[in-house]
Amino acid sequence: MNRLVHGDAFAGTPVKSLADIEKVQPPGAFTRTIEALFVGWRRHFGWIQVLMFVVFLVVIGLPLLMPDPPAESGILTNPTLFLRYMLWGIWFPLVFLSVIVLGRLWCGTLCPMGAASELANKYGLQRAIPGWIKWEGTPALSFIIMTLYGQTLGVRDHPEAAAGLFGGTMLLAIAIGGLYGRNKRVWCRHLCPIGRVLGLYSRLGAVQFAPKVLLGGGDAYTERGACPTMIDLPRKRESRHCIECFRCVNPKAAGSMRLELRRPGVEVEEIRDHRANKAEAWFLFLDTGVALGGFLWLVLPQYQQMRQGLGVWAIQNHIDWITRVGPSWLMSVHPARAETFLWLDFLMIVGFMLGTMAVLTVVLACLTAVGAMIARKLGADGGFGQVFTELGYQYAPVALMSLIIGLGAELLNPLRDTAIGIEGVHVIRGGLFLIGVVWSIWLGDRILKRQGIDLSKRWLPLLPGIAGSLFVGFGWWPAIFGL
Ligand code: SF4
Ligand code: SF4
């Protein structure tokens, strides 16, 4: 682990002398071997990304050319269902699960979208990056809008919707790359909805790239260096923006970056030293809430009752447009598959998801605020905002596990038809969730320790955090154990 002896990340101390520089211990032989392997393969990453682009076209495009699967078909007998399973059952949960071990390796080596955006940038206009793109809230807004849009389009059930959403996002990534930045991945740093979530959870990951000689001053944003995601390399201390492209690694150079392996979660345990960020903590609450809403409206009978109630009220009050069919670019209109959304459905889905997001955010924020107030009373080091932000990160594991269990539920579905059965699937999901809760509690304890609270007192400010983790679990209960 890197330790900076001078200059706190919050203070942003500039480098003044050699006293601000720390030389850190080199990693072991195993890490160096992996590093050498990837550095050797670095020049082939482009071809891997081209191959992934072809896979992307097949998974997104082929189902458009095939007839709808017959009712009795399964993933092993129907190519459309197989490709759908590849997308939602394999890619989606495994990319998120992989960050715990591999960090954002997906982004740097495999993702065709980021690579296409960067290629477009190479030959594009290379204009200055506008302020609205650099705004801290842009990636979170991007995630929320994409999640809402995916749900109203029915992206999981309709190949046209998946092609429209993923194809449209790809075009947008290429357009942004073609317009802004100079040899950079502006899309990946600021706008990609998946990248932002992967970035947050990569802080839990076992991989990081660290400077061999770490300068003081904390993380900074720079468009000058070699890093495609604008990381000021000699001051890099946080993992979230690193896409693991290996471009900054030169095993022979004394002053470059290098691969380091670490205990999963350690960056969050010591989040004070890794640029705890209040926007990121808030968006952890918001993202978890909107994803939960996107799952719950599909399964809760109360959602249908509310929909019915709003529909009846609208008809009684002569608000006729609400019962009309909406445009197919905005919502699911597939009469042949017996699914046609009205404006009523659109309003209900968006309203329900935003409402769930608001409730979860308020609950987690209140509990975190209570935890921060107690912690400060017990002598936590730092102002309320800082202590609150740091404690917000304790929910990262439980939120990640919930996301995987809830939105990546298809991953385990094939196991239902094996000896493991439905009960076994529930046990696996419950086990994953339990790991998330226990890990969150552990992180809460470590964060409080770093804030200077004695072991004997830590249980008290930890209680609101435990309640918050259990609340997240309560929300995802139907995904874990069924209704
Ligand atoms: S940030 Fe998004 S577009 Fe960029 S490499 Fe990662 S997943 Fe792909
Ligand atoms: S820090 Fe290095 S490995 Fe990470 S994105 Fe920047 S250049 Fe790539």
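Each ligand, and each atom within it, is numbered from 1 in the order the structure gives.
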> Find all atoms of ligand 1 within a distance of less than 4.0 Å from any non-hydrogen atom belonging to Trp187, and give their numbers and elements.
3 (S)
> Can you tell me the protein heavy atom closest to atom 1 (S) of ligand 2 and the distance?
Leu233 CD2, 3.5 Å
> Tell me if the CZ atom of Arg247 is crowded by more than 12 foreign heavy atoms within 6.0 Å.
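Correct, the count exceeds 12.
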> Output the list of atoms in ligand 1 that are nearer than 4.0 Å to some heavy atom of Met113, sorted by atom number.
3 (S)
> Check the surroundings of atom CZ in Arg337: do more than 12 heavy atoms from other residues, nucleotides or ligands lie under 6.0 Å from it?
yes
> What are the atoms of ligand 2, with element, lying closer than 4.0 Å to any heavy atom of Pro228?
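In order of number, 7 (S).
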> Check the pair Arg450, Glu269 against salt bridge (Lys or Arg N to Asp or Glu O under 4.0 Å), reporting the backbone distance first and the verdict last.
CA-CA 8 Å; Arg450 181 67 183 80; Glu269 291 172 23; over 6 Å; no
> Which of the atoms in ligand 1, numbered in the order shown and given with their element, are less than 4.0 Å from a heavy-atom of Arg185?
5 (S)
> Please step through side-chain hydrogen bond (donor to acceptor under 3.5 Å, both in side chains) for the pair Gln451 and Glu390, ending with a clear verdict.
CA-CA 9 Å; Gln451 290 172 348; Glu390 289 168 5; 2.8 Å; yes
> Provide, to 0.1 Å, the distance between atom 5 (S) of ligand 2 and the closest protein heavy atom, together with that atom's residue and name.
Ile243 N, 3.4 Å
> Indicate yes or no for a side-chain donor-acceptor contact from Asn121 to the backbone of Lys184 under 3.5 Å, with no hydrogens or angles considered.
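It does hold such a pair.
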> Nearest protein heavy atom to atom 6 (Fe) of ligand 1, by residue and atom, and its distance?
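It is Cys107 SG, 2.3 Å.
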> Considering only non-hydrogen protein atoms, determine which one is nearest to atom 4 (Fe) of ligand 2 and report residue, atom name and distance to 0.1 Å.
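Ranking protein heavy atoms by distance from atom 4 (Fe) of ligand 2, first comes Cys242 SG, 2.4 Å.
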> Once you round to the nearest 0.5 Å, how far does CD of Gln394 lie from CG of Asp445?
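With rounding to 0.5 Å, CD (Gln394) is 10.0 Å from CG (Asp445).
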> Who gets closest to atom 3 (S) of ligand 1 by heavy atom: Gly108, Pro193, Gly114, Ser117?
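Considering heavy atoms of Gly108, Pro193, Gly114, Ser117, the nearest to atom 3 (S) of ligand 1 sits in Gly114.
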> Within a distance under 4.0 Å of any heavy atom of Cys192, pick out the atoms of ligand 1 and give their elements.
1 (S), 2 (Fe), 3 (S), 7 (S)
> Hey, what's the ring geometry for Phe285 with Trp282, parallel, tilted or perpendicular (30° and 60° as the breaks)?
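The arrangement is perpendicular - the two ring planes meet at more than 60°.
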> For Arg189, state whether at least one heavy atom is located under 4.0 Å from any atom of ligand 1.
no
> Please work out whether any backbone atom (N, CA, C, O) or any side-chain heavy atom from C-beta onward of Cys111 is under 4.0 Å from ligand 1, and answer side chain, backbone, both or neither.
side chain
> In terms of atom number and element, which parts of ligand 2 are under 4.0 angstrom from non-hydrogen atoms of Phe246?
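Checking each atom against Phe246, I get 3 (S).
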> Yes or no: does Ala226 have any heavy atom under 4.0 Å from an atom of ligand 2?
no
> Measuring from non-hydrogen atoms of Arg104 to any atom of ligand 1, is the shortest distance under 4.0 Å?
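Yes.
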> Please confirm whether His44 and Trp41 have ring centers closer than 6.0 angstrom.
yes
> Find all atoms of ligand 1 within a distance of less than 4.0 Å from any non-hydrogen atom belonging to Gly195, and give their numbers and elements.
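Reading through ligand 1 atom by atom, the close ones are 1 (S), 2 (Fe).
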> Could you state the interatomic distance from CE (Met348) to CE (Met353), rounded to the nearest 0.5 Å?
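CE of Met353 is found 12.5 Å from CE of Met348.
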> For ligand 2, which atoms sit closer than 4.0 Å to a heavy atom of Cys227?
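Every atom of ligand 2 under 4.0 Å from some heavy atom of Cys227: 5 (S), 6 (Fe), 7 (S).
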> Just jot down the ligand 1 atoms closer than 4.0 angstrom to any heavy atom of Cys188, in number order.
1 (S), 3 (S), 4 (Fe), 5 (S)
> Is the His190 ring parallel, tilted or perpendicular to the Tyr221 ring (thresholds 30°, 60°)?
tilted
> Please could you name the atoms of ligand 2 that Thr229 approaches to less than 4.0 Å, counting only its heavy atoms?
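That gives atoms 5 (S) of ligand 2.
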> Just to confirm my output: which protein heavy-atom neighbour is closest to atom 8 (Fe) of ligand 2, and how far is it?
Cys245 SG, 2.3 Å
> Going by the order shown, which atoms of ligand 1 are within less than 4.0 Å of some heavy atom of Trp106?
7 (S)
> Examine Phe433 together with Trp476 and report whether their ring centres are nearer than 6.0 Å.
no
> Who's the nearest protein heavy-atom neighbour of atom 2 (Fe) of ligand 2, and how far?
Cys248 SG, 2.2 Å
> Could you go through the side-chain hydrogen bond (donor to acceptor under 3.5 Å, both in side chains) check for Glu136 and Asn277 one step at a time?
CA-CA 10 Å; Glu136 286 268 29; Asn277 179 288; 3.2 Å; yes
> Taking the side chain from Arg104 and the backbone from Arg240, do they hold a donor-acceptor pair closer than 3.5 Å?
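Present.
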